[in-house]
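One structure below.
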There are 2 protein chains.
Amino acid sequence: MASIKDVAAEAGVSVATVSRVLNDHPSVSADARTRVLAAVETLGYRPNAVARSLRTDQTRTLGLVISDVMNPYFTELARSVEEEARALGYSVIIGNADERPDLQDHHVRTLLDRRIDGLLLSPTDGGSPLMLDAARAGTPMVFVDRWIPGVEVPVVRADGQAAVRDLVAHLYGLGHRRLAIIAGPAATTTGRERVEAFREALAAYGLELPDAYTGQGDFQAESGRRVTEGFLDLAEPPEVVFAADNLMALGALDAVRARGLRVPDDIALAAFDDIPWFVHTDPPVTAIAQPTGELGRAAVRALVDRIEGRPGESVTLPARLVVRRSCGETPTPVQRSTT
Amino acid sequence: MASIKDVAAEAGVSVATVSRVLNDHPSVSADARTRVLAAVETLGYRPNAVARSLRTDQTRTLGLVISDVMNPYFTELARSVEEEARALGYSVIIGNADERPDLQDHHVRTLLDRRIDGLLLSPTDGGSPLMLDAARAGTPMVFVDRWIPGVEVPVVRADGQAAVRDLVAHLYGLGHRRLAIIAGPAATTTGRERVEAFREALAAYGLELPDAYTGQGDFQAESGRRVTEGFLDLAEPPEVVFAADNLMALGALDAVRARGLRVPDDIALAAFDDIPWFVHTDPPVTAIAQPTGELGRAAVRALVDRIEGRPGESVTLPARLVVRRSCGETPTPVQRSTT
DNA sequence: GATGCTCGTGGAATCGATTACATCGACGGA
DNA sequence: TCCGTCGATGTAATCGATTCCACGAGCATC
């Protein structure tokens with residue numbers, strides 16, 4: 001592959017001049033410029049990003065470590081992150097942690113080794129020493145969706161509290177009283193928050209959330225299935241199951257179907273995170289939708305702000321309830337949108 | 001950030017020795033080794049991958065440019081690619097082309113600039129000059145899923161012909177005679193092949209595939225919706241719509257639902273690419289499943305073979321039909337699996 | 001005791017860029 | 001005419017690693 005030296009030789013100038021042309025530095029003669037450009041053309045020269053990064057100490061690359069690529073929510077997040085980053089002149093390297101702390105650490109380490117300019121994280125757990133060290137060492141960092149309390153890093157997330165209240169109102173209105181939740185891992189903020197929001201919303205109606213109705217999931221489909229089976233085995237099964245993410249909802253659907261039962265007649269279902277397929281499931285699933293694209297874009301903006309020396313602010317956007325038919329037919333819907 | 005020089009100073013040896021310890025070169029004394037390791041530990045030193053790549057001319061990184069991350073099929077492919085690559089000691093940088101040739105070129109260019117060791121491509125179109133040049137210049141390359149005829153590059157793909165024949169047999173057996181297809185872009189191999197396989201399978205039953213029943217889609221949901229609406233507007237609409245990928249099937253489902261019609265009573269639906277949600281759609285969708293994980297792994301193995309100087313072979317794996325209920329109830333199923 | 005290994009080590013070149021500094025010619029003002 | 005300034009350019013240092021080559025010590029062989 002042609003290097004800057006070859007271009008310099010071809011154009012009959014020094015490498016410094018070539019570099020100046022490429023980075024359009026002002027003091028270069030029109031003549032030199034055209035000769036260099038011609039040489040670049042004939043040689044098909046492309047600057048070596050590796051060498052450039054070594055010298056300038058910046059890679060114009062962002063690292064994004066997400067908990068699970070197979071989760072449509074995170075896929076969409078990743079997509080919007082890449083789009084916004086591209087618009088701002090950055091590339092993105094995605095690391096998939098698969099909800100495994102060890103994999104998460106692996107990716108953070110590789111990204112750091114590659115000297116990415118900044119890190120976008122949606123932590124799987126409470127934060128490994130590695131991550132904490134990186135934050136302390138001043139690596140530009142931003143948390144998306146999930147975060148780690150006590151770390152001085154901007155957080156970009158959706159607030160689901162109001163939407164969960166709307167959901168509970170909707171369920172109560174339909175006559176449901178025994179409500180259960182499939183929770184996410186307690187090590188994650190979203191895992192804890194969603195249970196808490198649910199519990200508080202129930203309390204407003206004088207309802208309890210007994211331990212038997214609090215299943216421990218891990219944001220993966222399989223756990224949703226397992227927990228739902230547990231619920232169905234109870235002497236008094238819940239009337240509604242609220243899955244804390246879309247994959248666990250899929251698992252719940254599997255479990256219900258495997259028993260030959262029907263949603264919502266035998267048991268109702270609602271989920272956190274809305275995805276296109278929920279419109280077409282049997283029945284369409286009532287869900288809490290996050291402004292995923294906005295979150296991704298805001299996170300990138302915050303991170304790039306940090307990288308380029310500006311403050312970089314936390315952002316919290318509201319989630320909203322999307323009512324469909326999985327909790328029963330609504331006479332007068334609480335519905336705010338049907339998208 | 002600590003560099004190799006700092007480690008050398010701390011350990012009281014030269015940088016050459018540090019480098020030897022890090023790359024466990026044989027001729028290093030036990031004493032030097034322990035001192036270096038201790039220094040690495042106290043400084044929290046991590047080798048700079050950028051500098052290393054510049055010197056060694058290898059990044060231990062693979063580029064993967066896929067047509068659309070939001071498509072669950074490609075997401076799964078990306079995931080298995082990353083897994084296998086990691087097992088072989090490589091990282092993966094994913095570029096999402098969103099079915100847009102310009103974006104595809106953008107990603108190929110950026111990846112090449114970063115001097116990735118090899119490129120995994122699922123081309124959106126017939127191949128830009130950039131891609132063709134890269135292939136000719138000897139960049140290790142492998143095509144996955146889709147490929148470009150006439151380019152000397154291994155291809156890893158699924159062969160759907162037999163499965164499409166099984167599908168048509170199934171449809172014919174259910175009494176369907178007017179079969180339509182939502183095709184992918186003619187610029188892609190999968191776009192063309194699936195139509196051809198369908199047409200041939202129909203011919204075996206003495207059926208035609210009229211132009212009116214061949215809708216032009218682009219592998220995105222919106223096009224599936226548009227084409228399906230066109231079909232439904234025909235004086236004699238088809239009895240079955242076969243979508244050439246899962247997103248267009250989603251669009252078709254949208255269109256059918258929007259008219260207040262039902263699958264399969266009013267119109268039957270089948271899709272290429274099976275995804276977990278198809279089990280839970282209303283009704284569950286009959287689909288042709290590719291061995292996605294296997295494809296991803298085989299592609300990585302072929303690419304790494306190329307990179308490391310071994311031949312690197314093309315691989316073709318069979319796809320298989322998964323019968324569900326979207327084409328009508330089956331008395332005696334052709335079904336081979338129900339996963 | 002000289003010769004020739006092997007082993008451990010350090011010095012220095014190198015990868016391909018960017019950029020500080022030096023140089024040189026032209027030009028304008030005094 | 002002379003000097004200062006500015007614009008265009010080249011030389012060389014630098015980023016952080018790897019690796020070739022040289023060198024000295026220790027040891028076996030003859």
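None of the values given here were measured: they were computed from a predicted structure. A, B, ... follow the sequence lines: proteins, then strands. Residue 1 opens every chain.
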*In whole angstrom, give the distance that lies between atom CG of B/Asn48 and atom P of D/dT14.*
18 Å

_For C/dT18, does the base pair up with any side-chain atom of A/Arg52 as donor and acceptor (N or O, under 3.5 Å, distance only)?_
no

*Does B/Asp31 pair with B/Arg35 as a salt bridge, N-O distance under 4.0 Å?*
yes

_Interatomic distance, A/Asp31 CG vs D/dG7 P [rounded to whole Å]_ = 18 Å

*Dump the intermediate steps for side-chain hydrogen bond (donor to acceptor under 3.5 Å, both in side chains) on A/Arg114 and B/Thr61, then the final yes or no.*
CA-CA 11 Å; A/Arg114 284 166 177 272; B/Thr61 301; 2.3 Å; yes

*Nearest nucleotide by nearest heavy atom, which residue falls closer to the 5' end of DNA chain C, B/Ser14 or A/Val50?*
B/Ser14

*asked:* On the nucleotide D/dT9, are OP1 or OP2 found under 4.0 Å from the side-chain N or O atoms that A/Ser29 carries?
replied: yes

*Test side chain to side chain contact (heavy atoms under 4.5 Å, CB included) applied to A/Leu111 and A/Ile116, A/Ile94, A/Leu64, A/Leu121, the passing residue*: A/Ile116

*To the nearest Å, give me how far apart CZ (A/Arg55) and C1' (D/dT14) are.*
5 Å

*asked:* Any salt bridge linking B/Arg79 with A/Asp98? Criterion: basic side-chain nitrogen under 4.0 Å from a carboxylate oxygen.
replied: yes

*Short side-chain donor-acceptor distance under 3.5 Å, A/Ser67 and A/Arg146*: yes

*So which of residues 18-28 of chain A are in contact with DNA chain D, with a heavy-atom cut-off of under 4.0 Å?*
A/Arg20, A/Ser27, A/Val28

*Would you classify B/Ala32 as touching base, sugar-phosphate or nothing, given that sugar-phosphate means primed atoms plus P, OP1 and OP2, and contacts are heavy atoms under 4.0 Å?*
sugar-phosphate

_Counting only side-chain heavy atoms from C-beta out, which of D/dG16, D/dA12, C/dA17 sits nearest to B/Ile4?_
D/dG16

*asked:* Between C1' on D/dT18 and CZ on B/Arg60, what's the gap in Å once rounded to a whole number?
replied: 15 Å

*Charged N to carboxylate O below 4.0 Å: is that the case for A/Asp24 and A/Arg33?*
no

*Short side-chain N/O contact from A/Thr56 to OP1 or OP2 of C/dA17, under 4.0 Å*: no

*Let me know the distance between CE of B/Met1 and P of D/dC15, rounded to the nearest Å.*
17 Å

_Please report the distance, rounded to the nearest Å, between NZ in A/Lys5 and P in C/dA17._
9 Å

*When you look at A/Asn71 and A/Asp245, which way does the side-chain hydrogen bond (donor to acceptor under 3.5 Å, both in side chains) test go after all the steps?*
CA-CA 9 Å; A/Asn71 184 327; A/Asp245 88 336; 3.3 Å; yes

*Listed nucleotide nearest any side-chain atom of B/Leu54, set D/dT19, C/dA17, C/dG16*: C/dG16

*Over how many whole Å does the gap from B/Asp57 atom CG to C/dA17 atom C1' extend?*
14 Å

*Atom-pair distance (CD on A/Gln58; P on C/dA17), nearest Å*: 16 Å

